[in-house]
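Order of the sequence lines sets the chain letters (A, B, ...), proteins ahead of strands, with each chain counted from 1.
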Protein chains: 2
Amino acid sequence: MKEKKRNPNPTIKDVARLANVGIATVSRVLNNSEKVSEKTKERVIEIIEELGYSPNINARTLSSKNINSLSFVTPDMGNEFYGIMYSLLEKKISRNNYRLIVFPLIDQISLEKIKQNTDLIYQTDGVFFSSLSVSSIFHNRIPPKKIILIDSYDERFDSVYVDNYQIGKTAAEYLISNSPSNSTFYLVTFKELNNEFTSFVFKKRDEGFLQVMEKNNKKVKIIYSDLMWDGGYKAIGNIIKRRPKKYSSIFATCDMIGVGVKKYLEEKNMHPKRDYSLIAVDNLPISRLFQLTTIRQPIIEMVEIAYEMFISSMEGRDKVEHYQLEGKIVERET
Amino acid sequence: MKEKKRNPNPTIKDVARLANVGIATVSRVLNNSEKVSEKTKERVIEIIEELGYSPNINARTLSSKNINSLSFVTPDMGNEFYGIMYSLLEKKISRNNYRLIVFPLIDQISLEKIKQNTDLIYQTDGVFFSSLSVSSIFHNRIPPKKIILIDSYDERFDSVYVDNYQIGKTAAEYLISNSPSNSTFYLVTFKELNNEFTSFVFKKRDEGFLQVMEKNNKKVKIIYSDLMWDGGYKAIGNIIKRRPKKYSSIFATCDMIGVGVKKYLEEKNMHPKRDYSLIAVDNLPISRLFQLTTIRQPIIEMVEIAYEMFISSMEGRDKVEHYQLEGKIVERET
DNA sequence: CTGTTAGCGCGTTCAA
DNA sequence: TTGAACGCGCTAACAG
């Protein structure tokens, strides 16, 4: 037999032995150290290829203390909002040679996993939480890491977020100024369960909205919807059975709900700005297809700031920073 | 000062010292070994809490060889399809005490990362690829891991997938049998770039569709769309300017495109099954809101089978297995 | 430029 | 039931 059976997991030692060099030399080759002659370098690389060797990352980080990875905790995989956020953030931090690892916090299982101090998240250099409440997840056993909050607020941690009260208020003002005085006001929203994931964005939007409405002596019909694509459709369908005579002014507290609402109204032959006004929140890509007027979540800016906060904190800043951003209206058909 | 400043990264040694035991004992406590007295166990746990100690996972796996994590490589975060797939798979494999780590392969950056043999993916016990072509990602330097393909096929690896030719054919047959003989046939599809991510699902659907159409002597207008929510809307809008007199029979090769197509037709006052038939592919949650007739991707079954393949392979199976599933029509309004 | 060696933090013998 | 000591695979001095 000319070739021996391949070692399934060759180590740096095997490489060194076969290349007739010391392990340090192999290590230097692996780490692109300058101080190694072209000739030996070539030989080492050849052996590496031949063996299909790949360095053991555990040994590596154990020895070098260099982890170079960050965590991105999201309450929802398969959601465009977080998909965009992830990809923007990944682009940024990869400039600094970090890996960004996704931790979807989507059910009880993933919650339990993440709470165990043996979890991978405890081995990363820092954690970005998106739209999540750190204290309700970890209670008092918060990981001793650099923590940065995107789209939520906690006075103890760096945070960048939009003021959801303000979003509610903005929506209210938009509707009031775009509706006849006798119109009927609806709030179609999601009732958050008090579970470990939520940071109560919907509740805050509701409150901001209702506060302005109250101040203007407007009555509001509150309708609760599921967080599903047909949630808004069904919810509004329970209240508006056929085309009302009066003008309808509707605040859907997210695009996912808003899309269903608009679909329903269209089927009832109601026309935007003639029969109804509708404003939602998020500015997801799909809201453009629907020509939905919506309040934009400034994802790009949030990620930009989160990144800057991370960098400055790596560079020694230790005072906590908070950035509150504004949601701006993207006016379209409704 | 009563309490000393906390060591930022206490090790098992620190715990051992403070608890007046050997590190082996601490290790036993951490691993729930039976052979340790209640008393010392309590004391150790107390110190662990006090220190906020969490075991170094690198040292742990380095020493024990036990990784217990799997990779899930997806071409798209923020896409419901993969979100559902991930969460189903994660539920399954967590029964066997595995972690499922997400690797979004969404741009050149993530591609480069994943190709480096130092990447985290090389440290996991197995890799699930969804809708991705392994060979075009890794060329010939494929990671020496257990590899399982979901929604794509490669003779060298365990695969579970739907036959995309069959999907195209099914769509064609549906349209032919639901349309008057003089109707106009459209194929609205996405032109895949030959990049490193694709597994040419669209191309195959196109081919299956066109093959049946040709056999039935039907001419087909092919329209290319972006993979965006308004892609189908714009694409069909370029061809159909106003409501055509003849019946239109349309195959949109995914729901994302189909949704936009239907939206456009509705705006032109065209009614399903009176003016047009439309069939898409995927059965995403949003297709229900649109009452889109679509060909269901059997996500649940695919994940189930992928899981079973993984388990049986862990139990010693070494023959490669392939499962081809069928896409079934979900008939709704169109 | 290159090889030797001492840890990194932990699991696991092996004695006690 | 416990503790000391070895080794996992690698990086980083240090010495040559």
**Message:** We want to know whether Y307(B) and N96(B) form a side-chain donor-acceptor pair, criterion being a heavy-atom distance below 3.5 angstrom.
**Reply:** yes
**Request:** Work out how much the helix from dC1(C)-dG16(D) to dA16(C)-dT1(D) bends between its end axes, five pairs an end, to the nearest 10 degrees.
**Result:** 40°
**Message:** Does either side chain, that of R317(A) or that of S312(A), offer a donor lying less than 3.5 Å from an acceptor on the other one?
**Reply:** yes
**Prompt:** Do any side-chain nitrogens or oxygens of T40(B) fall under 4.0 Å of OP1 or OP2 in dT2(D)?
**Reply:** yes
**Complete:** Contacts of A59(B) meeting side-chain contact (heavy atoms from CB on, under 4.5 Å) (sequence neighbours excluded), chain-then-number -> L62(A), N56(B)
Protein-nucleotides 9-13 of chain C N/O pairs closer than 3.5 Å?
residue: dG9(C); atom: OP1; partner: K65(A); partner atom: NZ; Å: 3.1
residue: dG9(C); atom: N2; partner: A59(B); partner atom: O; Å: 3.2
residue: dC10(C); atom: OP1; partner: Y53(B); partner atom: OH; Å: 2.4
residue: dC10(C); atom: OP1; partner: N56(B); partner atom: N; Å: 2.9
residue: dC10(C); atom: OP2; partner: I12(B); partner atom: N; Å: 2.4
residue: dC10(C); atom: O2; partner: S63(B); partner atom: OG; Å: 3.4
residue: dG11(C); atom: OP1; partner: N31(B); partner atom: ND2; Å: 3.4
residue: dG11(C); atom: OP1; partner: R60(B); partner atom: NE; Å: 2.5
residue: dG11(C); atom: OP1; partner: R60(B); partner atom: NH2; Å: 3.2
residue: dG11(C); atom: OP2; partner: S27(B); partner atom: OG; Å: 2.9
residue: dG11(C); atom: O4'; partner: S63(B); partner atom: OG; Å: 2.6

**Asked** For the pair made of CG in N68(A) and C1' in dT11(D), what is the distance, rounded to whole Å?
**Response** 14 Å
**Sidechain-backbone polar pair: S69(B) side chain, Y98(B) backbone, donor-acceptor under 3.5 Å** = no
**Prompt:** Quick check: are there more than 12 heavy atoms from other residues, nucleotides or ligands sitting under 6.0 Å from CD1 of I311(B)?
**Reply:** yes
**Asked** Where do S71(A) and T124(A) come nearest, in terms of heavy atoms and distance?
**Response** OG-OG1, 2.7 Å
**Asked** dT4(C) P sits how many Å from R17(A) CZ, rounded?
**Response** 14 Å
**Residue-phosphate contact under 4.0 Å: T25(B) side-chain N/O, dG3(D) OP1/OP2** = yes
**Asked** Distance only, no hydrogens: is a donor on one side chain within 3.5 Å (strictly under) of an acceptor on the other, for N58(B) and T61(A)?
**Response** yes
